[in-house]
Amino acid sequence: MISHLVKQPGSSKQLTGRLFLNQYIAQEKTALRASVIAGALSTLLLIFQWVSFVYIAQDVIVNKQPLSSQLILLTVLLGCIIGRVFLTRLQTLFSQKASLNIRKSIRNTMLAHWRSSSPVALKNTSSGAFASQFIEEVEAMDGYFSKYWPQQALAIISPLLILSAIAVFNWLCALLLLISAPLIPLFMILVGMGAESLNQKYSTLRQRLAGHFLDRVSNLSNILLLGAKDEIFEEVEYNSERYRHVIMKTLKVAFLSSTVLEFFTSVAIASLAIYIGFSLYGAITWGPADSLSLFSGLTILILAPEFFQPLRTLSQYYHDRASALGAANNLVESLTPQTFTPKQNPPACADAQEQQQLVIEDLVVGFDTPLSPPLNLTINPGTMVVISGDSGSGKTTLLNTIANFIPALGGSVKLKPNSHSSIAYLPQKPWIKNNSIYENLKSLAPLSSKSEMENALDQLGLLDELGVNRFGLETLVGEHGQGLSGGQMQRMAFTRILLNPSPVIIFDEPTAQLDLKSRQLIYKALTALKSKRILLIASHDPLLIDVCDLHLTMPINAKNNAY
Amino acid sequence: MKYWFNLITKSQGKRLYIGIFWAFVTALSGVALLMLSGWFITATALTGLAISAGLVVVFDMYMPGSGIRFFALSRTVGRYVERIYNHDSILRLISTYRLTLFKGLTNLSSKQLRATSDSEWLGKLTSDLDALDTILLSYIIPPIVAALSIITLSLFLSFFWFDLALYLGGALLLCLFASIRITIKRTKQFGSLSASLLNACRSDVIEHLQGAYELQSHDLMQDHEQQILTTLDDFYRAQNTLNTSVANIQLLLDLVLGLIIMALICATLMAVNSGLISGGIAIMIVMMFLGLSELLQMVPSQFNRWGNTSFSANRLTSLAESVASKPVITKTIIDDINNIDIEIYANKRIAVSQHSPLVFSLAKNTLVNLQGRSGSGKSTVAQLLIGSEQANDTGSDDPSNLSINNLATNNITINKQLKIEDISRPHWYGNLVYLEQKNVVLAGTLGYNLSIGLADVTEDDIWKALKLVELFDWANALPQGLNTWLGEAGSKISGGQARRISLARLLLRNPQLIILDEPFNGVDEKMAERIWQNIQPWLRAKMSVLLTHERPGYLIKESHLSTQEYTQIDTGSETDFSITEVCLNE
């Protein structure tokens, strides 16, 4: 009810986020509706509960009847009380189930999106940011689906039900509530609009403060070197205090909106109580005052707070809506479709041993402008190609284009005879999972046996170094040493390639910044791999350039020498 | 968890009591409003009937009326004040503690710091610390207020009906304590579990995305998702168990409260039948119970985050305790550094030292140019010179490597007698400047970036330093000059500019030892030569270490320094790290 009235700044952006959320709500409409129905039924029972209570009370207090004469109504009362408890339970059951399913399917959408994204595109955002989107932001939507959405419907249905019950007893009281009810959302919109702009104003500041902490923590060693410790402490203190003030300011506005609600509830109850009291006493005679009895008066008084309750609950959940919308907007942005089409062949390519020919025709690479003249090349199995060139000359771009991670500006890269075979890619920074050695190997060589793994580890001198021969493959990476050295990490990546080699393998600077021993073992592994396959290596290593079959040098691009 | 409870209750003192007072006023006003209204309506109805029956009754309409208005107001005001006040209290405490924890971070060794990622430190300093607000706002104040309200109202009730007050008060207190206990007991485990599973899932996702190149090229993206999906399923299960038990506890509590009100209705109305209490009082008692049960019904939702809070609290406690128990070691202070002798044996990160020891000396008025390809260990030498323990770390403690590690030692001797390890770290830092390979531009203004750590630096000095690195014109042309914001969310600067800012920052200091690691990365050769000329006066009379890939052009053309004045270590001698001859053809 409120959500439709509040005008959001930057509405086109908000709309996409809202559409995104609605799309998922549509999926779980049945469960969410069931939740609303349970809530509405609970309100109905509430009305019956209080009507029967007051009827009994009037009978006993005014008519001086013994309580035992009201056994039927007492049973109704008990039934209503118990029924409501179970309906509330049902309401949460349905809404939580819906929320869980929605979160599941949002996360599946994200995973599917990553699956069809180029690794180059994924690199543009830090994986930490993606992870927090996947974890926190989706989790932040829970409240919206499980609480806010059902309550949004109930905030209209329940007050209407109660209002009609009150109208039966006394139209003036119902009118009074009807007038005060729209005032509440109106005030909330006013306050909410203030909160919205305040939130917006401070969200950049808050981000800057979080950025400040992150910045200073990651540069901590440098700060100590510069002798700026005390200065930074003062800064952190100042910023932390500012952070507190910002939070307090937003809280004050948020509290103000609930205070407005609270105030209306209290005033409405108090004025109803006084009106009913004076009518019953006989001091008020105009309007429908005469029709009031203890029965109707007390019923109205008890139902009045319940009239406001759904609205108050909704206002408590209001921030769930804001955070869900914020998260949805971020998600919509990061889920924009990409041009990348992943290969469609079955995983773990069964015909990995098959010999393939790499045919490059008129290939032009680059992002907007060509980095090099068209490249024509046919590479036969058993060839090692080394590509060198200054940093920034486009070595990595060329490799990424051949691997199909970046679309080519022109020309084509084809594998013959089997064009669906995959091209393995080993980036500059090897990928190591914080898990067991077995898990690390298995993730890229799912079909390898343990003995094959041990064999491959031995070939790269890791069997002994990582303690696999003593502690087994389940040894955690870095458990029996203090983390892996750069050389060990690179060799681990090579072990995986040995276990699951593709016909074409691309290496980006495989020997840069390595110790002597690692480098020697990697030369050996490259030689072993070369016999039946095509190796494409970006490197400056003179030794690799010496032994390669084909040496390409990236042309010097004038633009990259600017600085 | 206990640690934080103690901390909050102890440090809050008076504020805690004031906060509880306001919350109590609010709760009591709410209940009183209902009670008074119920009694008022019943009483007026009975009086009205009596009057219409022709009896003369004196009834003061105005006293209860103004009472109702008063409670309506005090409830609203009380709620607002209470919430603002208590949030302010806890935020103050969190803010102070954030600083304490940050100070603790600076005491950690760089190895300990690196063991946890920066974003995780950020998480600890922000979200984990913020999560502790529930301790005061949900776990301390509401139960105390609920208990106080029950006791107060039972006392009030005992004036009318002592036995009922006793039973009702007892039953409600029992409900309160039982629901708190059961909620904590049934949700704690799953709350912690789901929090830790989410954390595990986060690292799974990060690993998954970091492996995108390798996974995508092998078409194994979908295969690899399994790990994430398994962790997620475990999380959903834990969360579901948590939600179900909270909902079930709520159901049980609602049911018990429902049965109590049923019993209460019967009891009070029967008492009216027997003339023990008046009708007005009976309605008032029922209304009182309604108000109180509203307070009680909040318990499951207030305590269901206990597991999450204790997860955050535990993550912070170890850091907080390490801050508290940091031993202070007094170390030597040195004023004048005359010479530094460096001997490095078999350092794993310095390839050349594994064949023969790396030995060289620094003295005043000298510049040592260490040349080596990337990965040869240049930066490790610099790390050793600034006394970082990370460089001493030999990399792998694998038992099979012990024989090598035993030989690995680094001796850095100052003035022929002092070991670098014995010198107080801040003091040593005060005597040196180190231009790291990585540019360090902090999120802050240009002026801030240059003057950081310097107490008395004039704007004049800053402009002079900018002139030396040829950034004067650029900075002068900036609309906001020295107040231009740099770094994250600031204006973008090129790598070469960042390099020169990092250098200018050091020019404002007057150290005894200068370490420059590739000082002109990203700066073109001609400009590098000019800047090198500009900073000669600063380099003079100090000991300097220049780390470069190869012999730099500006050094060869240097005319102010004669060959005697600096030790140029040539290719082929023992300090050249680039000798790595490896034959691929066996």
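Side-chain atoms are counted along with the backbone in the values below, which use heavy atoms only and exclude waters and symmetry mates. Source: prediction; values computed, not measured.
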Among Lys252(A), Arg216(A), Lys64(A), Gln96(A), which residue has the highest count of heavy-atom pairs closer than 4.5 Å to chain B? Arg216(A)

Inter-residue atom distance Ile81(A).CD1 - Ile261(B).CD1, 0.5 Å rounding: 6.0 Å

Of the backbone (N, CA, C, O) and the side chain (C-beta and beyond), which part of Phe86(A) lies under 4.5 Å from a heavy atom of chain B, both, or neither? both

Is there a side-chain contact between Val272(B) and Leu67(A), using heavy atoms and a 4.5 Å cut-off? no

For the atom pair OG (Ser279(A)) and CD1 (Ile41(B)), what is the distance rounded to the nearest 0.5 Å? 9.5 Å

Listed by chain and number, what are the side-chain hydrogen bond (donor to acceptor under 3.5 Å, both in side chains) partners of Gln239(B), not counting sequence neighbours? Arg103(A), Glu139(A)

Please flag which part of Glu241(A) lies under 4.5 Å from any non-hydrogen atom of chain B: side chain, backbone, both or neither. both

CG on Leu259(B) to CG on Leu78(A), rounded to 0.5 Å: 6.5 Å

Out of Gly211(B), Ser203(B), Gly48(B), return the one with the most heavy atom pairs under 4.5 angstrom to chain A. Gly211(B)

Can you confirm if the aromatic rings of Trp431(A) and His224(B) lie within a centre distance of less than 6.0 Å? yes

Tell me which of these, Leu215(B), Leu46(B), Asp233(B), Thr244(B), has more heavy-atom pairs under 4.5 Å with chain A than the rest. Leu215(B)

Could you tell me whether a side-chain N or O of Asn273(B) sits under 3.5 Å from a main-chain N or O of Gln65(A), the two making a donor and an acceptor? yes

Output yes when a side-chain donor or acceptor of Glu231(A) lies under 3.5 Å from a complementary backbone atom of Gly453(B), and no otherwise. yes

Shorter than 4.5 Å, heavy atoms on both sides: which option in Leu252(B), Leu73(B), Leu257(B), Val286(B) has the most such pairs with chain A? Val286(B)

For the CG atom of Leu506(B) and the CG atom of Leu226(A), what is their distance to the nearest 0.5 Å? 7.0 Å

Would you please say whether a donor-acceptor pair under 3.5 Å links the side chains of Arg98(B) and Ser240(A)? yes

Do side-chain atoms of His208(B) reach the backbone of Leu111(A) as a donor and acceptor pair under 3.5 angstrom? no

Please look at Asp59(A) and chain B and tell me whether the side chain, the backbone, both or neither of the residue comes under 4.5 angstrom of a heavy atom of that chain. neither

Partners passing side-chain hydrogen bond (donor to acceptor under 3.5 Å, both in side chains) against Asn243(B) (at least two apart in sequence or in another chain): none

Please determine, among Leu290(B), Leu253(B), Leu36(B), the option with the most heavy-atom pairs under 4.5 Å with chain A. Leu290(B)

Part of Asn400(A) within contact of chain B (heavy atom distance under 4.5 Å): side chain

If you tally heavy-atom pairs under 4.5 Å against chain A, which of Leu255(B), Asp254(B), Thr47(B) wins? Leu255(B)

Among the listed options Asn240(B), Val433(B), Thr76(B), the residue most often paired with chain A at heavy-atom distances under 4.5 Å: Thr76(B)

Does Gln216(B) reach the main-chain N or O of Arg115(A) with its side chain, forming a donor-acceptor pair under 3.5 Å? yes

